[in-house]
Amino acid sequence: MVLTGRAGILAAAGVVFVALVMPSWSGVGLVVAVVLVVCVVDVLLAGSPRRLQFSRDGDTAVRLGEQAVVQLLVTNPSRRVRGWLRDAWPPSAGVLDPPHKLDLPSGERRRLVTHLVPTRRGDRQAARVTVRAFGPLGFAGRQGSHEVPWTVRALPPFNSRKHLPSRLARLRELDGRTALLVRGQGTEFDSLRDYVPGDDVRSIDWRATARRGNVVLRTWRPERDRQVAIVIDSGRLSAGRVGDAPRLDHAMDAALLLAALATRAGDRVSLLACDSTVRADVRRPAPQDVLPSFVNALANVEAELVQTDFRIVVSQVLERLGQRSLVVLLTGLDPAVIEESLLPVIGPLLRRHVVLLASVADPRLTELESSRADLLEVYSAASAARTRLDRDRLTATLTRAGVTVIDEPPDQIAPALADTYLALKKAGRL
């Protein structure tokens, strides 16, 4: 049973009545009896929340920061229900609507809409639906809760998709499919065409020239059907916040842009998220399923406060890849971790594949290094400079070992990774 403000007003009026008219125990008993009778009668006349029937419909997935719509269908098989309905969700689901006012006659249905804007990635599950039904007098009523399960998955936002059109245009130019018919400089044979002054004479096909009687040139295109393995470090290095999001979220954004670009380039893309164990694993999806499978696999991946075991990472990659492939490792440039954990085990990977390491740099370090107004800022600048020098030294060490390193701030890491992929294809290294 629930009471409303009217019940409190009735009780306060009873107190005034006792004080002014019947200042005795009998007056108190009379007031208490009246309040109880009114509330009990109101409860008995109220509709039953527990007899209501519920079902849901609506969105099951939405990009982080966008709005999802979930509909709740309420059916009343008993007498009229007047009151309020609260469709409860966890705070990170981002419910925008206040409790719904409900007036549902017997035998009718109502469709109530709840708008959600999730603030975190992952599955957001509906909590209880609570209904308060008040009696016709408005003094008291009944309350009941129902479990009406529904899950909305908040997917990675893929903010870097704004860079995809420009990179696809560069890919078309590289692939020799622009309107100007500019040929790419890959190593996979494409077609023959007549020689034009200024062409590279090393590409002349002498046999075709002898058959045709005029000079014929071979044209090339970037290799297709290569394998690209994207590995995301979900360990403690990815838990730190860079800008307004964890380093892991920036890595996911870069991985999605690279996956979309590589798929359009005709390459096969796979995904692995790993720390001390495998958190997400997508192996060779169909081209049309690459992005849907990636975002669904990454939706529930969170940074774990454990040290990443790069022995597991290397063994998992070697198990998945046969031919020479591009391995993209998205992790942090922490000297202690990389030198002690990654460098000792990366040798077999470098002998068989092209390895690219991408790290999200913290732009705050540049700001600290340039601010020297007082003694505290001088010490901060010295610490930031020391960190930068350590990262530069580690980058040089990885480069000497044969690893291509990208170290860019959050807003540049995704396009820089895409540009490096295109440069590797143009150089024929894939």
Side-chain angles (χ1 to χ4, degrees), residues 1-14 32-155 296 299:
M1 184 177 74
V2 294
L3 301 177
T4 67
R6 293 185 182 183
I9 295 174
L10 180 62
V32 170
V34 170
V35 172
L36 287 177
V37 168
V38 170
C39 291
V40 169
V41 170
D42 216 16
V43 169
L44 294 176
L45 295 177
S48 175
R50 298 190 182 277
R51 293 186 180 181
L52 296 176
Q53 300 171 357
F54 298 89
S55 62
R56 289 190 186 272
D57 191 13
D59 298 330
T60 57
V62 64
R63 283 198 184 105
L64 187 66
E66 296 183 359
Q67 188 178 102
V69 177
V70 178
Q71 300 175 358
L72 181 67
L73 186 62
V74 187
T75 305
N76 182 18
S78 61
R79 64 174 175 265
R80 190 184 196 111
V81 175
R82 296 187 182 91
W84 294 90
L85 182 147
R86 180 175 181 264
D87 188 4
W89 291 75
S92 58
V95 178
L96 302 179
D97 304 283
H100 302 277
K101 189 173 183 179
L102 189 64
D103 186 359
L104 188 57
S106 176
E108 292 190 9
R109 295 186 299 179
R110 291 288 186 275
R111 188 179 297 273
L112 307 176
V113 178
T114 300
H115 299 86
L116 310 174
V117 180
T119 57
R120 292 181 58 189
R121 283 183 296 102
D123 291 341
R124 298 293 169 259
Q125 298 180 348
R128 293 183 175 185
V129 175
T130 302
V131 178
R132 283 185 177 180
F134 301 112
L137 301 178
F139 288 94
R142 306 180 186 184
Q143 178 171 304
S145 297
H146 299 259
E147 296 286 348
V148 189
W150 192 260
T151 301
V152 174
R153 173 165 290 185
L155 305 173
N296 276 287

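All values below were derived from every heavy atom in this structure, side-chain atoms included, with hydrogens, water molecules and symmetry-related copies excluded. Starting from 1, each residue takes its place in the sequence as its number.
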Exercise for the section: Please check if the side chain of Arg121 supplies one atom and the backbone of Ala299 the other of a donor-acceptor pair under 3.5 Å. Expected result: yes
Handout entry: N/O donor-acceptor pair under 3.5 Å between Asp42 side chain and Gly138 backbone
Key = yes
Exercise for the section: Would you give the length of the straight line joining atom CZ of Arg63 to atom CG of Leu155, rounded to the nearest 0.5 angstrom? Expected result: 8.0 Å
Problem - Heavy-atom check, side chain of Val81 versus side chain of Leu102, under 4.5 Å - result: yes
Problem - N/O donor-acceptor pair under 3.5 Å between Asp103 side chain and Arg82 backbone - result: no
Handout entry: Pairwise side-chain contact, Trp150 with Thr60, heavy-atom cut-off 4.5 Å (strictly under)
Key = yes
Handout entry: Inter-residue atom distance Arg142.CZ - Leu45.CG, 0.5 Å rounding
Key = 9.0 Å
Problem - Side chain to side chain, Glu147 and Arg128, heavy atoms closer than 4.5 Å - result: yes
Practice task
Give a yes or no answer on whether the side chain of Ser106 reaches the backbone of Ser78 with a donor-acceptor pair at less than 3.5 Å.
Solution key: yes
Practice task
For residues Ala46 and Ala133, report the shortest heavy-atom separation together with the two atoms involved.
Solution key: CB-O, 3.7 Å
Exercise for the section: State whether the side chain of Asn76 and the backbone N or O of Arg79 hold a donor-acceptor pair below 3.5 Å, judged by distance alone. Expected result: yes
Practice task
Give, for atom CZ of Phe134 and atom CD of Gln143, the distance between the pair rounded to the nearest 0.5 Å.
Solution key: 8.5 Å
Problem - Shortest non-hydrogen separation from Leu96 to Gln67 and the atoms involved - result: CD1-NE2, 3.5 Å
Problem - 4.5 Å side-chain heavy-atom contact, Val152 and Val62 - result: yes
Completion exercise
Closest non-hydrogen atoms of Phe54 and Val131, given as atom of the first, atom of the second and distance, are CZ-CG2, 3.9 Å
Handout entry: Asp57 side chain vs Gln71 backbone, donor-acceptor pair below 3.5 Å
Key = no
Handout entry: Test item: Thr119 side-chain N/O and Ser92 main-chain N/O as donor-acceptor pair under 3.5 Å
Key = yes
Handout entry: Approximate separation, where rounding is to 0.5 Å, of Thr114 OG1 and Asp87 CG
Key = 4.0 Å
Practice task
Work out which heavy atom in Val117 is nearest to a heavy atom in Gly65; give both atom names and the distance.
Solution key: CG1-O, 3.6 Å
Handout entry: Leu116 CG to Arg124 CZ distance, which is reported to the nearest 0.5 Å
Key = 11.0 Å
Practice task
Mind listing the closest non-hydrogen atom pair of His100 and Val113 along with its distance?
Solution key: CE1-O, 3.1 Å
Practice task
Determine the minimum heavy-atom distance between Val129 and Arg56, stating which atoms define it.
Solution key: CG2-NH2, 3.5 Å
Practice task
Please check if atom CZ in Arg132 has more than 12 non-hydrogen atoms from other residues, nucleotides or ligands closer than 6.0 Å.
Solution key: no
Fill in the blank from the handout: Here the gap from Leu85 atom CG to Leu72 atom CG, rounded to the nearest 0.5 Å, amounts to 6.0 Å
